[in-house]
Amino acid sequence: MEFDLNPVEVRVLGSLMEKEAATPDYYPLSLNALCAACNQRSNREPVMSLDEDTVAAAVDSLRAKGLALVTSGADHRVPKYSHRLGEVFNFDRREQAIIAVLMLRGPQTVGELRGRTERLHSFDTLADVEATLAHLAERTPSMVKKLARQPGEKEPRFAHLLAGDVESVSETVPRIERHSPLEDRIARLETELAELRRQFEDFRKSFE
């Protein structure tokens, strides 16, 4: 089973996986919340600016590939979006955390992965991260790949392969934006505000 995902599909899936683990009370996500998650300025490399039509089109494509679901009905007054990547590939929490961070932030070193997966799954040691990466690499098809070490870098990086084969970091990260702590705080507040607006709309529609 192989999927050659485009960058928007990668961002949508990664965002859904992250929010499922980090904020389960707000998962599945509305389209508005999913857009906010995709466009976060923190924990995203590169930063994107996707509109709802683009995100909805990516979800439709992922649904056709069996990797996403849209739920609506009595329990959900607005459509809610969820992923099926863990189910399709039978990922455990460790594997899902690694794949999510690689999808959201591009190629990472073992140390970066241990630190950046903390909200999704806590790895006790670097060896635990390495073991999970090795297991993902040994799957059929392979899920991750160790990239050649870049000039000036001490450690190699690992990349996910859900968007096809990767030979170098430059293929996967065309643009990296760095932001100050204040900008990251503003981005988090914007995401939380979008979710509060969604909850208010759900509450308001319950009385219509």
Side-chain angles (χ1 to χ4, degrees), residues 3 5-24 26-59 61-62 67-68 81-83 85-86 91 95-121 123 129 133 143-145 147 150 157-164 166 168-198:
F3 301 99
L5 305 181
N6 65 43
V8 178
E9 292 170 336
V10 169
R11 177 56 55 87
V12 167
L13 271 182
S15 297
L16 288 170
M17 294 168 74
E18 178 195 60
K19 298 307 179 186
E20 179 189 28
T23 56
Y26 300 124
Y27 182 85
L29 304 181
S30 66
L31 181 58
N32 181 269
L34 178 55
C35 282
C38 290
N39 294 332
Q40 279 183 210
R41 294 174 65 85
S42 60
N43 303 318
R44 303 288 186 268
E45 295 179 9
V47 171
M48 292 182 172
S49 182
L50 306 175
D51 58 32
E52 290 192 355
D53 289 341
T54 301
V55 172
V59 171
S61 178
L62 291 168
L67 298 178
Y81 300 83
S82 59
H83 75 90
L85 203 63
F91 287 148
E95 293 169 328
Q96 189 154 306
I98 292 288
I99 290 293
V101 170
L102 291 176
M103 295 177 86
L104 292 173
R105 304 198 64 165
Q108 310 282 301
T109 66
V110 172
E112 287 172 336
L113 283 168
R114 186 188 178 197
R116 293 169 177 176
T117 55
E118 184 66 30
R119 295 183 307 131
L120 312 182
H121 177 79
F123 289 92
V129 179
L133 286 166
M143 296 281 104
V144 302
K145 177 180 180 179
L147 304 180
Q150 300 295 296
R157 295 174 181 270
F158 292 80
H160 74 84
L161 299 178
L162 288 167
V166 179
S168 68
V169 173
S170 61
E171 291 181 31
T172 62
V173 188
R175 177 176 59 89
I176 297 178
E177 296 186 12
R178 303 295 181 185
H179 306 284
S180 69
L182 177 59
E183 288 178 308
D184 288 345
R185 179 176 173 78
I186 291 172
R188 287 193 294 271
L189 290 173
E190 288 174 345
T191 301
E192 292 171 4
L193 178 59
E195 182 58 33
L196 287 172
R197 285 174 174 165
R198 180 194 67 76

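A quick note: this is a predicted structure, and the numbers were derived from the prediction, not measured.
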> Can you check whether Ala37's main-chain N or O pairs, donor with acceptor, with Arg44's side chain at less than 3.5 Å?
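Yes, because the side chain of Arg44 sits within donor-acceptor range (under 3.5 Å) of the backbone of Ala37.
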
> Do Glu18 and Arg105 meet the salt-bridge criterion of a basic N to acidic O distance under 4.0 Å?
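No, this pair does not count.
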
> Give a yes or no on whether the backbone of Leu120 and the side-chain of Thr117 come within a donor-acceptor separation of less than 3.5 Å.
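Not a single qualifying donor-acceptor pair exists.
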
> Could you walk me through whether Asn43 and Leu104 satisfy the side-chain contact (heavy atoms from CB on, under 4.5 Å) test, starting with their C-alpha distance in whole Å, then the side-chain angles of each, then the deciding distance to 0.1 Å, before giving a yes or no?
CA-CA 7 Å; Asn43 303 318; Leu104 292 173; over 6 Å; no

> When rounded to the nearest 0.5 angstrom, what distance separates CG in Leu85 from CZ in Phe91?
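Leu85 CG to Phe91 CZ: 5.0 Å, rounded to 0.5 Å.
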
> Specify the closest pair of heavy atoms between Tyr81 and Pro28, including all atoms of both residues, with the distance to one decimal.
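Smallest interatomic distance, heavy atoms only, reads O-CB, 3.2 Å.
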
> Check whether any side-chain N or O of Arg114 sits under 3.5 Å from a backbone N or O of Phe123 as a donor-acceptor pair, and report yes or no.
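Flag set: sc Arg114 to bb Phe123 pair under 3.5 Å.
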
> Where is the tightest heavy-atom contact between Leu31 and Ala56, given as atom of each residue plus distance?
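Heavy atoms only, the tightest pair is CD1-N, 4.2 Å.
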
> With the side chain counted from C-beta on, respond yes when Glu95 and Met143 share a heavy-atom pair under 4.5 Å apart, and no when they do not.
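They are not in side-chain contact.
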
> Stepwise, does the side-chain contact (heavy atoms from CB on, under 4.5 Å) test hold for Tyr27 with His83?
CA-CA 10 Å; Tyr27 182 85; His83 75 90; 3.2 Å; yes

> Could you tell me the separation between the CG atom of Asn6 and the CG atom of Leu162, rounded to the nearest 0.5 Å?
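If I round to the nearest 0.5 Å, the distance is 12.0 Å.
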
> Give me the one residue out of Arg157, His160, Arg116 that meets side-chain hydrogen bond (donor to acceptor under 3.5 Å, both in side chains) with Gln108.
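Of the listed residues Arg157, His160, Arg116, the side-chain hydrogen bond (donor to acceptor under 3.5 Å, both in side chains) partner of Gln108 is Arg116.
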
> Minimum heavy-atom separation for Ala22 to Arg119, with atom names?
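Smallest interatomic distance, heavy atoms only, reads CB-NH1, 3.8 Å.
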
> Test your reading of the model: is there a side-chain donor-acceptor pair from Lys145 to the backbone of Leu161, 3.5 Å cut-off?
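No, the answer is negative, given that no donor and acceptor are paired below the 3.5 Å cut-off.
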
> Any idea which heavy atoms bring Val59 and Ala68 closest together, and the distance?
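Closest heavy-atom pair between Val59 and Ala68: O-CB, 4.3 Å.
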
> With a 3.5 Å distance limit and no angle check, can you tell me whether Arg11 reaches the backbone of Cys38 through a side-chain donor-acceptor pair?
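Yes; at least one donor-acceptor contact below 3.5 Å.
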
> Test side-chain contact (heavy atoms from CB on, under 4.5 Å) on Leu50 and Cys35 and set out the steps.
CA-CA 7 Å; Leu50 306 175; Cys35 282; 5.9 Å; no

> Taking atom CG of Asp51 and atom CG of Asn39, what is their separation to the nearest 0.5 Å?
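So the CG of Asp51 and the CG of Asn39 are separated by 9.0 Å.
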
